[in-house]
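Worksheet: the structure to be examined is printed underneath.
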Amino acid sequence: MNPSLAVSAHHIRHHFGEFAALNDVSFEVERGQTMALLGHNGAGKSTLIKIMLGLIKPTSGEVTVLDKNLFNLTNRADLKIGYLPENVSFYDKLTGKEILNYFAALKGVKSVRVKQLLQEFGLEYAQDRALKTYSKGMKQRLGFAQAILSEPELLLLDEPTVGLDPVASKFLYGKITELKQQGCGVIVCTHELSLIENNIDIGLILAKGKALATGSLAQLRLASGLKTRLTSPQLKQVMAIQPKLAALYRDDALLLDEQAKPEVLKLLTQECQVYDFSLQQPALAEIYHFYMGQCAQVEGVS
Ligand SMILES: Nc1ncnc2c1ncn2[C@@H]1O[C@H](COP(=O)(O)OP(=O)(O)OP(=O)(O)O)[C@@H](O)[C@H]1O
Ligand SMILES: [Mg+2]
């Protein structure tokens with residue numbers, strides 16, 4: 001067992017009756033790392049999160065969460081896991097403050113932390129109002145405050161930014177960074193790829209219950225073979241004097257793979273004196289679409 005791991009999952013399969021929701025999924029998340037769990041609707045993301053919470057026992061495979069095998073534990077409540085479900089729903093006649101105080105009492109957290117979180121999450125003004133009067137984003141903020149109430153060692157967030165305004169989303173990822181720095185492992189399931197792109201260490205892309213790819217953004221990019229675009233106002237002149245770059249030139253840009261990059265940059269800067277250029281690496285969304293496209297070709301995923 002590796003004590004630096006927040007989650008270790010090996011060969012997870014899960015069937016709902018005849019239907020295989022997860023099919024041989026393996027991954028590891030270190031403490032202090034954030035993993036994005038990506039995939040189409042019905043890919044198996046929420047099922048995987050529920051397995052890590054111990055709410056669903058996988059049909060087969062091994063899951064270790066914070067160094068414990070969840071399904072051998074007598075008291076899972078002792079594990080410091082924070083969870084934001086995909087549909088936040090609390091008893092809606094209670095006020096925001098009452099809801100957080102209720103969870104604080106369950107988790108042995110002092111009420112001063114509730115006060116602090118209500119303030120930080122911009123909910124202080126509505127703390128004495130019943131939840132049924134909250135907007136979607138306000139409920140989402142309260143759900144996230146509940147998830148981090150007890151300073152978790154593992155945080156599982158199922159679509160945390162749905163309904164949040166851009167400032168609140170930024171705040172949420174700021175909070176995640178703080179928790180990571182304290183050694184919390186974070187798993188975020190989301191469809192908002194551009195938002196999560198700069199906030200993750202690793203990604204796991206699921207389709208039809210199978211892991212299509214896993215690794216850091218750089219590893220996913222490299223494995224996809226997608227090219228970096230180099231653009232420059234001087235590129236047209238350069239093409240005239242460096243015909244060997246012509247094969248890489250398309251749509252006013254040079255399309256570079258990782259291996260070609262150092263040589264082309266050397267050529268441009270040293271021989272052609274081009275210093276005014278920009279490099280645009282494939283975004284997470286492009287990488288995601290690439291893998292989904294590949295999977296669709298093989299298996300007919302829409
Ligand atoms: N309790 C259940 N009984 C039967 N099938 C289920 C159950 N829960 C999930 N499934 C099925 O398992 C598959 C994976 O569902 P899951 O909720 O994990 O998807 P998801 O990746 O979270 O999708 P979304 O992006 O829409 O939230 C789906 O086909 C779903 O219909
Ligand atoms: Mg889901």
Side-chain angles (χ1 to χ4, degrees), residues 25-30 32-40 43 161 166 169-170 173-174 176-177 180-181 186-207 210-299 301-302:
V25 175
S26 300
F27 64 93
E28 289 183 339
V29 180
E30 291 178 16
Q33 227 179 20
T34 298
M35 181 176 91
L37 188 51
L38 310 173
H40 59 82
T161 46
S169 295
K170 193 169 168 215
Y173 280 113
I176 290 177
T177 304
K180 271 179 62 171
Q181 283 162 354
V186 185
I187 298 180
V188 187
C189 166
T190 184
H191 297 291
E192 297 185 88
L193 303 180
S194 58
L195 205 52
I196 198 159
E197 175 153 11
N198 296 320
N199 292 294
I200 55 167
D201 301 295
I202 48 174
L204 170 64
I205 305 179
L206 285 181
K210 290 187 190 146
L212 296 184
T214 177
S216 67
L217 206 51
Q219 287 166 331
L220 295 176
R221 204 174 267 141
L222 193 64
S224 73
L226 290 170
K227 313 244 189 266
T228 295
R229 278 175 63 83
L230 184 151
T231 49
S232 163
Q234 289 128 286
L235 214 49
K236 279 213 173 86
Q237 289 111 286
V238 170
M239 295 312 297
I241 54 167
Q242 284 291 348
K244 60 181 163 180
L245 292 176
L248 307 176
Y249 188 70
R250 198 170 318 143
D251 299 331
D252 299 324
L254 289 176
L255 302 183
L256 311 178
D257 59 31
E258 289 303 307
Q259 289 90 331
K261 219 191 277 175
E263 198 193 330
V264 172
L265 289 179
K266 197 168 149 202
L267 201 65
L268 287 178
T269 52
Q270 293 183 4
E271 291 187 29
C272 310
Q273 309 290 308
V274 173
Y275 297 106
D276 182 10
F277 61 83
S278 67
L279 289 168
Q280 195 189 347
Q281 292 195 305
L284 181 60
E286 276 176 75
I287 296 171
Y288 175 85
H289 287 295
F290 167 81
Y291 282 109
M292 286 296 148
Q294 278 220 323
C295 179
Q297 278 172 16
V298 178
E299 299 191 37
V301 172
S302 57

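Residue numbers count from 1 along this sequence.
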Notebook entry, point to check: Hey, does D257 have a side-chain heavy atom less than 4.5 Å from the side chain of K227?
Noted result: yes
Next item on the list: Please step through side chain to side chain contact (heavy atoms under 4.5 Å, CB included) for the pair L245 and L268, ending with a clear verdict.
Entry: CA-CA 10 Å; L245 292 176; L268 287 178; 4.0 Å; yes
Checklist line | Test log, rule side chain to side chain contact (heavy atoms under 4.5 Å, CB included), inputs D252 and K236 | finding: CA-CA 8 Å; D252 299 324; K236 279 213 173 86; 3.7 Å; yes
Item checked: side chain to side chain contact (heavy atoms under 4.5 Å, CB included) between T228 and Q280, intermediate numbers included -> CA-CA 6 Å; T228 295; Q280 195 189 347; 5.6 Å; no
Notebook entry, point to check: Within the distance-only criterion (no hydrogens, no angle test), does the side chain of R250 pair as donor or acceptor with the backbone N or O of L255 below 3.5 angstrom?
Noted result: no
Check: Would a 4.5 Å heavy-atom cut-off, applied to side chains only, mark T214 and I202 as touching?
Finding: no
Check: Is the closest side-chain heavy-atom distance between L193 and I287 below 4.5 Å?
Finding: no
Checklist line | Which atom of Q259 lies closest to which atom of P262, heavy atoms considered | finding: O-CD, 3.4 Å
Notebook entry, point to check: Roughly how far, to the nearest 0.5 Å, is CG of L265 from CD of Q270?
Noted result: 10.0 Å
Check: So, the side chain of T34 versus the backbone of D201: is there a donor-acceptor pair under 3.5 Å, distance only?
Finding: no
Margin query: If you compare all heavy atoms of A36 against all heavy atoms of I200, which two are closest, and at what distance to 0.1 Å?
Written below: CB-CG2, 3.7 Å
Notebook entry, point to check: If you round to the nearest 0.5 Å, how far is CD1 of I205 from CG of L212?
Noted result: 6.5 Å
Next item on the list: Any chance you could measure T190, atom OG1, to L37, atom CG, to the nearest 0.5 Å?
Entry: 10.0 Å
Item checked: Distance (rounded to the nearest 0.5 Å) between Y288 OH and E197 CD -> 14.5 Å
Margin query: For a quick test of reading the model, state the closest non-hydrogen atom pair linking F27 to L204 and the distance between them.
Written below: CD2-CD2, 3.7 Å
Checklist line | Which atom of S224 lies closest to which atom of F290, heavy atoms considered | finding: O-CZ, 3.3 Å
Notebook entry, point to check: Side-chain contact, heavy-atom cut-off 4.5 Å: V188 with T161?
Noted result: no
Check: For atom CD of Q273, is the number of surrounding heavy atoms from other residues, nucleotides or ligands below 6.0 Å larger than 12?
Finding: yes
Notebook entry, point to check: Which pair of non-hydrogen atoms, one from M292 and one from L206, has the smallest distance, and what is that distance?
Noted result: CE-O, 3.3 Å
Margin query: Using side-chain heavy atoms (C-beta onward) and a distance below 4.5 Å, is L248 in contact with V264?
Written below: yes
Notebook entry, point to check: Given the rule in the side chain to side chain contact (heavy atoms under 4.5 Å, CB included) test, do Y173 and L195 qualify, once you have shown the distances and angles that lead to the verdict?
Noted result: CA-CA 9 Å; Y173 280 113; L195 205 52; 3.9 Å; yes
Check: Between Q234 and D276, which heavy-atom pair has the shortest distance, and what is it?
Finding: OE1-CB, 3.5 Å
Next item on the list: Return yes if some donor-acceptor pair links the side-chain N/O of E286 with the main-chain N/O of A283 below 3.5 Å, else return no.
Entry: yes
Margin query: Please report the interatomic distance CG(L254) to CG(L235), rounded to the nearest 0.5 Å.
Written below: 4.5 Å
